[in-house]
Participant: 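Questions regarding the structure given below will be posed in turn.
Remember, it's a predicted structure, so these values are computed and weren't measured experimentally.
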Amino acid sequence: MPPSTWQLMLDSLWPMLSGAIKGTIPLALSSFAIGLVLALLLALMRLSRRRWLSSIARVYISLVRGTPLLVQLFVIFYGLPSLGVVIDPWPSAIIAFSINVGGYAAEVIRAAILSVPKGQWEAAYMVGMSHQRALTRIILPQAARVSVPPLSNTFISLVKDTSLASLILVTELFREAQQVAAFSGQFMALYLEAALLYWVICLVLSSGQGVLEKRLDRYVAH
């Protein structure tokens, strides 16, 4: 690449990093946090003995997992205004990503809860715990440790998926790359630079995931 291209990439590095710090990471964190709450609710609904509750959760999860995230994002941002519901780009992205995370993480949490030996339930009942207390004090803490690896992978995937928010004009890492590329015409170089930044972010998150897994592994029964 000519020196001018390298200089352009160097000059665009901070705007992209700023987009990641102010847009990509906060968007991923907030969406993941809301999505986890939704996922826990859905997982408990799926495990409920009330068939109607389980059916609602099953349909929701099927819809989310069976439709593209991009379509979900467009339905919220471009589709809802036709029904008189107008949502700004940033909240639209958070809603779409949270809904998506909820659908995928629900099955992870449900599987983690089911992985806890039934003897843990029985032991909790024997000491006089109610079902709700046993769930919150005994079962969920163990399930949380088991679910760390798959949920961490879900978060890393979400960080990459936030690039879709650029299509509804949310300013984040990839949106910054698009704007600089459109102005300079150096699409290949700047998109490769954006890809490299996403890769570095994911490497850092993967390293953190590995450290967390090692710390929790001693508490997980094998």
Participant: Say whether Y125 and L135 are linked into one hydrophobic cluster, either directly or through other cluster members, by side-chain heavy-atom distances under 4.5 angstrom.
Facilitator: yes

Participant: Identify every side-chain donor-acceptor pair in residues 72-83 under 3.5 Å, counting partners at least two apart or on other chains, and give the distances.
Facilitator:
| from | atom 1 | to | atom 2 | distance (Å) |
| --- | --- | --- | --- | --- |
| Q72 | OE1 | N100 | ND2 | 3.1 |
| Q72 | NE2 | V64 | O | 3.0 |
| Q72 | NE2 | T67 | O | 3.1 |
| Q72 | NE2 | T67 | OG1 | 2.9 |
| Y78 | OH | L167 | O | 3.1 |
| S82 | OG | G79 | O | 2.5 |

Participant: Could you walk me through whether Q209 and N153 pass side-chain contact (heavy atoms from CB on, under 4.5 Å), step by step?
Facilitator: CA-CA 8 Å; Q209 174 188 352; N153 291 332; 3.3 Å; yes

Participant: Quick check: do V170 and R175 have side-chain heavy atoms less than 4.5 Å from each other?
Facilitator: no

Participant: Once rounded to the nearest 0.5 Å, what's the spacing between atom CD1 of I34 and atom CG of L38?
Facilitator: 9.5 Å

Participant: Got a sec, which pairs hit side chain to side chain donor-acceptor pair (under 3.5 Å) with one end in residues 187-201, sequence neighbours left out?
Facilitator: S12-E193, E172-Y198

Participant: Between S98 and I95 (side chain of the first, backbone of the second, donor and acceptor by atom type, cut-off under 3.5 Å), is there such a pair?
Facilitator: no

Participant: Considering only Ile, Leu, Val, Met, Phe, Trp and Tyr, and joining two whenever side-chain heavy atoms are under 4.5 Å apart, list the other residues clustered with V59.
Facilitator: L63

Participant: Are I25 and I201 packed together at the side-chain level, in the sense that at least one heavy-atom pair is separated by less than 4.5 angstrom?
Facilitator: yes

Participant: CZ of R137: more than 12 outside heavy atoms within 6.0 angstrom?
Facilitator: no

Participant: Could you tell me the separation between the CG atom of L27 and the OG1 atom of T171, rounded to the nearest 0.5 Å?
Facilitator: 11.0 Å

Participant: Using atom types as modelled and distance alone, determine if a side-chain donor or acceptor of S31 lies under 3.5 Å from a backbone N or O of A28.
Facilitator: no

Participant: Just jot down the ring-ring contact (aromatic ring centres under 6.0 Å, His included) partners of F32, sequence neighbours excluded, or say none.
Facilitator: F155

Participant: For Y104, check ring-ring contact (aromatic ring centres under 6.0 Å, His included) against everything at least two apart and list the hits.
Facilitator: none

Participant: My understanding is that only residues two or more places apart in sequence, or in another chain, count here; which of them pass side-chain contact (heavy atoms from CB on, under 4.5 Å) with S48?
Facilitator: R50, L53

Participant: Any salt bridge (Lys or Arg N to Asp or Glu O under 4.0 Å) pairs touching residues 79-108, not counting sequence neighbours?
Facilitator: R46-E107, E107-R110

Participant: Would you say the side-chain atoms of S163 pair up with the backbone N or O of F174, donor to acceptor, closer than 3.5 Å?
Facilitator: no

Participant: Using the rule that Ile, Leu, Val, Met, Phe, Trp and Tyr join whenever any side-chain heavy atoms are under 4.5 Å apart, tell me whether I87 and L69 fall into a single cluster.
Facilitator: no

Participant: In this structure, would L10 and L197 fall into the same cluster of hydrophobic residues linked by side-chain contacts under 4.5 Å?
Facilitator: no

Participant: Can you name the closest pair of heavy atoms from I156 and C202 and give their distance?
Facilitator: CG2-SG, 3.8 Å

Participant: For F183, is the CZ atom crowded, meaning more than 12 foreign heavy atoms sit under 6.0 Å from it?
Facilitator: no

Participant: Just jot down the side-chain contact (heavy atoms from CB on, under 4.5 Å) partners of L40, sequence neighbours excluded, or say none.
Facilitator: L44, I109, L140

Participant: Taking side-chain contact (heavy atoms from CB on, under 4.5 Å) as the test, write out the residues that go with S62, two or more places apart.
Facilitator: none

Participant: Are L114 and L42 co-members of a hydrophobic cluster defined by side-chain heavy atoms under 4.5 Å apart?
Facilitator: no

Participant: Can you sort out the partners of R49 under side-chain contact (heavy atoms from CB on, under 4.5 Å), two or more places apart, ordered by chain and number?
Facilitator: none

Participant: According to the side chain to side chain donor-acceptor pair (under 3.5 Å) rule, which pairs have a member within residues 36-45, sequence neighbours left out?
Facilitator: none

Participant: Got a donor-acceptor contact below 3.5 angstrom from the Y60 side chain to the G102 backbone?
Facilitator: no

Participant: Rounded to the nearest 0.5 Å, what separates atom CD1 in I94 from atom OG in S30?
Facilitator: 3.5 Å

Participant: With side chain to side chain donor-acceptor pair (under 3.5 Å) as the rule and sequence neighbours excluded, what pairs involving residues 15-28 come up?
Facilitator: none

Participant: Taking the side chain as every heavy atom from C-beta outward, state whether I113 and L47 have any pair of such atoms under 4.5 Å apart.
Facilitator: yes

Participant: Output the distance between atom CD (Q178) and atom CG (L169), rounded to the nearest 0.5 Å.
Facilitator: 9.0 Å

